[in-house]
Amino acid sequence: MTSSLNQLFTRLLESESIFKNKEVLRHSYTPDVLVHRDTQTEELATILVSALRGETPSNILIYGKTGTGKTAVTRYVGKELENMSERMNVKCSVIYVNCEVIDTQYRLLANLARHFGEDIPMTGWPTDQVFQKFKEALDTQEQVLIVILDEIDKLVKKGDDVLYNLSRMNANLKRAKVSIIGVSNDLKFTDFLDPRVKSSLGEEEIIYPPYDADQIRDILYQRAAIAYNDNVLDGSVIPLCAALAAQEHGDARRALDLLRVSGEIAERKEERKVTESHVRIAQDKIEVDRIVEVVRTLPTQSKLVLFSIVMLNLSVQNQNQLGQPSTITTGEVYNIYRKMCKSIDMDILTQRRVTDLMSELDMLGIINAMVVSKGRYGRTKEISLSVPVKNTYDVLIEDYKLNPLQGYNVKVGYF
DNA sequence: CCTCCACAGGAACGTAAGGACG
DNA sequence: CGTCCTTACGTTCCTGTGGAGG
């Protein structure tokens with residue numbers, strides 16, 4: 001027993017790994033050379049140099065879909081700028097904030113203030129007091145502060161007061177200067193902005209077009225050379241990864257995931273070459289993993305709503321076999337939801353709330369909801385599942401609170 | 001052309017949990 | 001302790017609306 005396990009370990013260790021350095025394929029990795037992003041890099045640098053002269057750089061808005069290199073370029077330029085300023089003895093700091101995580105005024109300000117050594121509690125203070133603290137800390141010396149707000153649209157949704165305050169801050173600062181770089185993947189997010197904020201924030205705008213398949217291919221070749229050992233990639237692997245990712249609106253991140261996961265799959269199968277079929281498997285795996293993760297971590301009420309939709313979907317499928325066309329509407333979902341709530345003794349939320357939960361599911365890409373008018377028969381949302389029914393059912397039923405609903409009969413309303 | 005269904009989705013508010021501070 | 005703050009999650013009440021059927 002032990003010896004066979006020993007053998008296994010030895011064999012696994014000795015079998016030449018196909019990876020040279022897997023880290024290069026993770027999105028946390030910032031490469032030294034950003035392929036196909038020269039113009040954007042230069043543009044950004046050109047605007048930001050003034051920081052090195054001790055002047056305030058224009059505020060910048062950067063647009064582009066996910067995986068178009070916005071974050072990578074911005075962070076890269078920011079890093080270089082900081083290095084440069086050190087060498088030149090100019091006080092200039094770049095703070096990177098991801099608004100997906102830090103998504104409220106308070107947290108943002110607290111975060112900034114903490115960067116200057118202020119001690120701000122997680123919660124509890126009035127917001128303007130935090131702002132005051134931050135301002136004081138910042139203004140103690142001559143310096144230029146550049147705040148990178150990644151996913152800035154997430155912040156705007158909860159009120160744009162901070163942006164207003166930040167963009168007007170320079171007027172009240174004696175020594176320090178602040179400039180803001182907003183990074184967004186939503187092109188229309190400025191629509192919700194106060195016009196004043198909009199104009200001051202968008203002094204400069206840089207747009208990142210999606211990569212096309214050729215460009216993604218170049219990126220992959222560049223990374224693969226570092227990440228993989230020579231001759232382990234089948235010739236068609238990278239083109240295929242690139243093509244698949246290009247379909248997903250030119251998402252380079254997705255392409256890198258594909259390339260990495262393909263390799264992992266090949267490795268696990270103890271094969272020495274990565275082939276096209278591994279990429280196909282990887283494609284499926286990534287998608288399923290994503291869904292499973294999202295569904296598993298849903299709040300219970302959302303799970304129940306989703307479960308109602310899943311159940312309706314199953315019963316609709318049965319009906320369709322009898323040739324009866326049928327779609328799922330909000331009302332139907334809510335009815336089933338209510339019955340199921342009763343049968344497992346959970347609080348029943350109002351329909352208003354349930355529609356919100358469904359919108360969230362829609363945004364997560366788990367379901368697809370479309371408002372349609374059925375004329376005389378009202379106006380509703382037609383809902384369809386955009387993920388495999390069976391997988392979703394399996395994940396949901398794992399939840400101990402939903403487990404009692406196993407085998408629930410939608411049509412009859414009991415087991 | 002008008003009506004009226006079956007909801008969508010905005011606005012305002014309530015409650016609880018979590019923390020700072022005097 | 002009570003007073004201030006925050007966020008998360010709900011509720012109540014509300015106005016708005018595309019188009020089939022009259």
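Only a predicted model underlies this, so the values are computations on that prediction, with no experimental measurement involved. So you know, we letter chains A, B, ... as the sequences are listed, proteins then strands, and number each from 1.
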Over how many whole Å does the gap from A/M358 atom CE to C/dC9 atom C1' extend? 17 Å

Specify the separation, in whole Å, of atom CZ of A/R379 and atom C1' of C/dG16. 8 Å

I need the CD1-P distance between A/I328 and B/dA6, as an integer number of Å. 18 Å

Hey, does the side chain of A/T350 come within less than 4.0 Å of C/dT11's phosphate (OP1/OP2), counting only N and O? yes

With DNA chain C as reference, determine whether A/Q351 or A/Y377 sits nearer its 5' end, using the nearest nucleotide of each. A/Q351

Does a nitrogen or oxygen in the side chain of A/R353 sit under 4.0 Å from OP1 or OP2 of C/dG10? yes

Consider the side chain of A/V371, meaning its heavy atoms from C-beta on, and name the nucleotide among B/dC7, C/dT7, B/dA8 that approaches it most closely. B/dA8

Starting at CD of A/Q301 and ending at C1' of C/dG10, how long is that distance when rounded to a whole Å? 10 Å

Select base, sugar-phosphate, or nothing to describe what A/L357 touches, counting heavy atoms under 4.0 Å on all strands. nothing

Expressed as a whole number of angstroms, how long is the span from A/L109:CG to C/dC5:P? 16 Å

For A/N172, I'd like to know if atom CG has over 12 heavy atoms of other residues, nucleotides or ligands within 6.0 Å. yes

Whole-Å distance separating the CG atom of A/D356 from the C1' atom of C/dT12: 13 Å

With side chains defined as the heavy atoms from C-beta onward, is the minimum distance between A/L256 and A/Y29 less than 4.5 Å? no

Proximal nucleotide (of B/dG9, B/dC7, C/dG10) relative to the A/S359 side chain: B/dG9

Contact list for residues 333-388 of chain A, test ring pair (Phe, Tyr, Trp, His ring centres under 6.0 Å), sequence neighbours left out: A/Y334-A/Y337

Minimum heavy-atom distance A/S58-A/S179, with the two atoms named: O-OG, 4.1 Å

When the distance from CE of A/M370 to P of B/dA8 is rounded to whole Å, what number comes out? 13 Å

Using heavy atoms to find the nearest nucleotide of DNA chain B for A/K381 and A/G378 separately, return the residue whose nucleotide is more 5′. A/G378

Regarding A/E382 and A/K374, does a basic nitrogen lie under 4.0 Å from an acidic carboxylate oxygen? yes

Using the side chain to side chain donor-acceptor pair (under 3.5 Å) rule, take A/D150 and A/T71 through it: C-alpha gap first, then chi angles, then the decisive distance, then the call. CA-CA 7 Å; A/D150 204 349; A/T71 309; 3.0 Å; yes

Check every atom of C/dG10, C/dG19, B/dG9 against the side chain of A/S373 and return the nucleotide holding the closest atom. C/dG19

Pairwise side-chain contact, A/N391 with A/V292, heavy-atom cut-off 4.5 Å (strictly under): no

I'd like a list of close polar pairs between nucleotides 11-16 of chain B and the protein, N/O only, cut-off under 3.5 Å.
none

Within this structure, what is the CD-to-C1' distance between A/E332 and B/dA6, rounded to whole angstrom? 12 Å

